[in-house]
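Whatever order the structure lists them in is the order used to number ligands and atoms, beginning at 1. No experiment lies behind these values; they were computed from the predicted model shown. We use all heavy atoms of the structure for the numbers below, so side chains are in, but hydrogens, waters and symmetry mates are not.
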Amino acid sequence: MSTVNTDFRCKRDGCTPEESGDCIDGLPLSDCPNRYVFEPVDEEFVNIDSSLVKSFEADGIRHHNGEALNTTEADIHLRKHGATVVAFIGYPGAGKTTTAVMLYELSKRRNLEPFGFAGSYTIRGFQERAHMALLTSGRRIPDTARTTLGTPVSFLHLRLQKTGGDNESIELLLSDRSGEDFEQCLNKPALCETFPEIIRANCHVLLIDGEKLVNSDVASKHISDIKRLVLALNQYGLLSASGLVQVVLTKYDLVNQSEHREKALQRFNLIIEEIKKRLYGTVRITEYKLAARPLCSQFNLGDGLVNLINDWFPTKQEAEYHLVIPTLTTGTPYDLLINTVRE
Ligand SMILES: Nc1nc2c(ncn2[C@@H]2O[C@H](COP(=O)(O)OP(=O)(O)OP(=O)(O)O)[C@@H](O)[C@H]2O)c(=O)[nH]1
Ligand SMILES: [Mg+2]
């Protein structure tokens with residue numbers, strides 16, 4: 001039986017909720033944006049996590065504390081436990097970080113049926129990224145902090161479990177990289193070959209910014225930039241290496257309520273066609289529309305996320321075997337006799 005262990009710590013100097021049980025700002029602990037869960041979420045994770053921490057120490061790497069993993073830590077995790085690496089690819093503001101955060105937030109709130117939250121080593125990493133979307137940030141409109149240029153790629157860990165039926169679970173490492181890094185690849189295509197998450201990915205998620213596709217002033221440039229990025233990645237065989245490319249139209253709520261909706265969808269289809277042409281036969285390509293954090297009530301939070309997750313689960317191949325007995329015209333009498341026996 002697993003038990004939830006919620007030993008909260010605070011990032012603020014002088015605030016010690018673990019001793020006093022109170023927040024220095026007088027907030028309920030559940031609303032404090034600076035808190036993080038010090039211990040892993042359940043007993044099963046305590047065991048796994050402590051070995052993870054030990055190995056980090058053995059390698060002289062910082063003690064793991066719930067923050068997003070750097071590349072070395074992600075590699076250690078992959079070697080020890082394995083995971084499906086999901087590489088989010090997209091230009092600044094496309095919605096990469098928001099997508100990762102919403103996977104965590106919605107699974108935790110049981111709003112991602114049939115997938116439920118089953119643990120994370122990087123709760124603090126998620127919470128830091130989610131902060132600007134929460135009421136406690138003081139914002140009226142939820143937002144996500146920019147992943148600024150120069151920030152090295154990081155990885156957020158999430159374990160999801162399918163509810164009902166077979167209770168299958170999946171370990172995910174979700175990449176978080178600044179969109180500017182992808183812009184730099186346009187002038188220096190070889191750069192994308194140095195992105196560890198792109199090389200290790202089991203799935204590449206290419207995010208197309210819906211907000212840009214509805215705006216005819218910027219749509220053409222966005223489309224052209226996407227095509228050039230796909231060319232650069234393809235030049236080094238990086239996209240086909242993962243076996244799955246998901247092309248995702250983000251901020252679908254904005255697309256849907258725009259008077260240029262149809263035009264934007266046509267533009268998205270053109271991008272898909274181009275990608276399919278480029279990658280034909282080398283990789284499985286799926287396409288989705290996503291409203292990870294819609295601003296209008298016609299959409300539910302995370303509309304479209306479940307489709308992405310479904311693709312990340314390994315597909316079960318149901319093989320059918322048929323016994324084929326060729327009809328013999330020559331052979332020994334025994335050959336001819338057994339050849340008369342059919343299924
Ligand atoms: N309306 C709407 N806004 C969204 C949606 N998803 C993300 N956004 C907003 O789009 C903006 C950019 O999202 P991010 O997740 O920071 O984008 P990013 O790709 O990580 O950008 P960089 O970190 O700059 O590379 C934020 O203000 C989000 O709140 C959505 O589904 N609908
Ligand atoms: Mg970001």
Quiz prompt | Passing candidate, side-chain contact (heavy atoms from CB on, under 4.5 Å) with L174, options V101, L103, T84, V85 | solution = L103
Quiz item: In terms of residue, atom name and distance, what is the protein heavy atom nearest to atom 4 (C) of ligand 1?
Solution: K251 CG, 3.7 Å
Exercise. Kindly compute the distance separating CG (L206) from CG (L239), expressed to the nearest 0.5 Å.
Key: 7.5 Å
Quiz item: When rounded to the nearest 0.5 angstrom, what distance separates CD1 in I226 from NZ in K212?
Solution: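 It comes to 8.5 Å.
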Quiz item: Can the ring centres of F195 and Y236 be said to be less than 6.0 Å apart?
Solution: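 Between F195 and Y236, the centre distance exceeds or equals 6.0 Å.
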Quiz item: Quick one: are the ring centres of Y288 and Y252 less than 6.0 Å apart?
Solution: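 Ring centres of Y252 and Y288 not closer than 6.0 Å.
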Practice problem: May I ask you to check if K162 and F115 form a cation-pi contact, with NZ or CZ under 6.0 angstrom from the six-membered ring centre and within 45° of the axis? | Solution: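 K162 over F115 ring: no.
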Practice problem: Output the list of atoms in ligand 1 that are nearer than 4.0 Å to some heavy atom of D253, sorted by atom number. | Solution: 1 (N), 2 (C), 30 (C), 31 (O), 32 (N)
Quiz item: Which of the atoms in ligand 1, numbered in the order shown and given with their element, are less than 4.0 Å from a heavy-atom of A292?
Solution: 31 (O)
Quiz item: Where's the contact between T147 and ligand 1, heavy-atom distance under 4.0 Å: side chain, backbone, both or neither?
Solution: both
Quiz item: Any heavy atom of T250 sitting closer than 4.0 Å to ligand 1?
Solution: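 Not so, T250 does not reach ligand 1.
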Exercise. Verify the distance test for T98 against the Mg ion (ligand 2): any N/O/S atom under 2.8 Å, yes or no.
Key: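 Given the 2.8 Å cut-off, T98 does not count as a ligand of the Mg ion (ligand 2).
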Quiz item: Hey, is the Mg ion (ligand 2) within less than 2.8 Å of some N/O/S atom on T147?
Solution: yes
Practice problem: May I ask you to check if ligand 1 and Y252 share an N or O to N or O distance below 3.5 Å? | Solution: no
Exercise. Return the option from D176, T98, L295, D209 holding the heavy atom at the smallest distance from atom 13 (O) of ligand 1.
Key: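 Comparing heavy atoms across D176, T98, L295, D209, the nearest one to atom 13 (O) of ligand 1 lies in T98.
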Quiz item: Evaluating non-hydrogen atoms only, which member of G179, G302, G304 is closest to atom 25 (O) of ligand 1?
Solution: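 It is G179 whose heavy atom sits nearest to atom 25 (O) of ligand 1.
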